[in-house]
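The structure appears right after this line, and notes come after that.
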Amino acid sequence: MSCTIEKILTDAKTLLERLREHDAAAESLVDQSAALHRRVAAMREAGTALPDQYQEDASDIKDMSKYKPHILLSQENTQIRDLQQENRELWVSLEEHQDALELIMSKYRKQMLQLMVAKKAADAEPVLKAHQSHSAEIENQIDRICEMGEVMRKAVQMDDDQFCKIQEKLAQLELENKELRELLSISSESLQETGMQK
């Protein structure tokens with residue numbers, strides 16, 4: 001299966017390289033034909049007769065136009081698309097085979113485990129006990145962590161409550177302080193007034 005996929009990838013790379021070569025050749029042909037067309041137009045404007053070399057170049061252009069590189073490119077594009085589609089189908093098939101193989105292997109492992117347990121119950125018992133004790137230890141640690149989290153949550157809650165109480169007490173003291181200052185300022189004013197009256 002993997003050889004087929006590698007072959008498809010190799011064929012796709014080869015076709016891509018050919019496509020690039022044909023594309024470069026087509027661009028070169030277009031450039032050459034444009035250059036020749038400019039030469040012919042310049043010579044016609046000058047009113048001179050075409051030398052034999054230019055007539056041969058013009059006939060070469062006519063011959064090259066028969067090949068139609070865009071048709072070749074479209075054919076190779078179609079082949080590449082077909083290969084890509086085949087590649088996708090092969091990948092889907094490979095994934096289905098892998099899923100089936102995984103299912104078969106899981107059933108095989110399950111049966112082998114059951115067979116080993118049936119044949120070697122004595123050997124499997126220490127492993128099971130170790131697994132159970134390990135699981136119990138992990139559960140105990142989780143319980144301890146949960147308890148510590150609960151204690152920390154309560155401590156934070158108590159700190160928050162204490163902070164709120166301190167804030168309330170501080171606000172109350174500031175209010176009392178403000179009232180006492182007002183009373184003090186009133187009493188000092190009344191003392192000053194009585195001192196002035198004397």
Side-chain angles (χ1 to χ4, degrees), residues 1-6 8-13 15-17 19-20 23-24 27 77 80-198:
M1 180 64 70
S2 62
C3 292
T4 307
I5 292 172
E6 288 175 9
I8 289 171
L9 291 174
T10 306
D11 289 345
K13 286 180 184 176
L15 286 173
L16 184 62
E17 289 172 6
L19 183 64
R20 287 181 181 153
D23 194 28
E27 287 180 7
N77 280 339
I80 288 173
R81 276 192 229 104
D82 291 343
L83 285 173
Q84 287 174 339
Q85 178 64 29
E86 188 177 343
N87 194 9
R88 282 192 288 269
E89 290 172 2
L90 285 171
W91 274 112
V92 169
S93 176
L94 178 65
E95 287 175 357
E96 289 174 356
H97 280 82
Q98 285 177 338
D99 291 341
L101 185 63
E102 185 62 35
L103 180 64
I104 291 167
M105 288 303 295
S106 66
K107 288 185 177 182
Y108 171 76
R109 287 188 206 104
K110 185 177 178 181
Q111 288 180 354
M112 288 301 294
L113 183 62
Q114 288 173 351
L115 186 62
M116 286 173 58
V117 168
K119 284 186 177 181
K120 298 182 180 181
D123 292 340
E125 189 174 341
V127 174
L128 290 173
K129 284 184 179 177
H131 178 69
Q132 289 172 350
S133 66
H134 186 66
S135 298
E137 184 179 339
I138 289 173
E139 287 178 10
N140 288 337
Q141 288 179 354
I142 290 171
D143 290 341
R144 272 187 260 147
I145 289 170
C146 291
E147 288 173 5
M148 288 171 59
E150 185 65 24
V151 169
M152 290 173 71
R153 189 185 64 77
K154 286 181 180 177
V156 168
Q157 183 67 36
M158 288 173 62
D159 283 347
D160 288 345
D161 293 344
Q162 188 68 23
F163 179 75
C164 290
K165 286 179 183 176
I166 289 171
Q167 289 288 79
E168 288 175 7
K169 187 71 174 172
L170 189 62
Q172 184 181 0
L173 288 174
E174 285 178 354
L175 183 63
E176 288 177 4
N177 191 3
K178 184 178 177 185
E179 289 174 357
L180 287 173
R181 286 184 186 200
E182 288 176 0
L183 289 173
L184 182 64
S185 65
I186 291 171
S187 64
S188 62
E189 285 176 5
S190 63
L191 283 175
Q192 287 177 358
E193 288 177 3
T194 54
M196 287 181 184
Q197 289 175 358
K198 289 179 182 179

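Scope of the values below: all heavy atoms of this structure, side chains included, with no hydrogens, waters or symmetry mates. Positions are given from 1, in the same order as the sequence printed here.
Scored by the side-chain hydrogen bond (donor to acceptor under 3.5 Å, both in side chains) test, E174 finds no partners at all (sequence neighbours excluded). Listed by chain and number, the residues in a side-chain hydrogen bond (donor to acceptor under 3.5 Å, both in side chains) with N177 are R181 (sequence neighbours excluded). The side chain to side chain contact (heavy atoms under 4.5 Å, CB included) search around L184 returns S187, not counting sequence neighbours. Applying the salt bridge (Lys or Arg N to Asp or Glu O under 4.0 Å) rule to E102 yields the partners R109; only residues at least two apart in sequence or on another chain are considered. Residues that satisfy the side chain to side chain contact (heavy atoms under 4.5 Å, CB included) test with K13, not counting sequence neighbours, are absent from this structure. The side-chain hydrogen bond (donor to acceptor under 3.5 Å, both in side chains) test applied to R153 returns E150, not counting sequence neighbours. Applying the side-chain hydrogen bond (donor to acceptor under 3.5 Å, both in side chains) rule to Q157 yields the partners D161; only residues at least two apart in sequence or on another chain are considered. For I104, the side chain to side chain contact (heavy atoms under 4.5 Å, CB included) test picks out no residue, with sequence neighbours left out. Legend: residues meeting side chain to side chain contact (heavy atoms under 4.5 Å, CB included) with Y108, ordered by chain and number and at least two apart, are M105, M112.
Each side-chain hydrogen bond (donor to acceptor under 3.5 Å, both in side chains) pair with one or both residues in residues 82-92, not counting sequence neighbours, appears once here: Q85-R88, Q85-E89, N87-W91.
Separation of atoms OG (S93) and NE2 (H97) is listed at 4.5 Å; rounding is to 0.5 Å. Atom CD of Q111 is separated from atom OG of S106 by 10.0 Å, given to the nearest 0.5 angstrom.
Counting heavy atoms from C-beta on, the side chains of D160 and V156 come closer than 4.5 Å.
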Counting only pairs under 3.5 Å, give me each side-chain donor-acceptor contact of residues 139-148, with atom names and distances, residues two or more places apart or in other chains.
residue	atom	partner	partner atom	Å
N140	ND2	A136	O	3.4

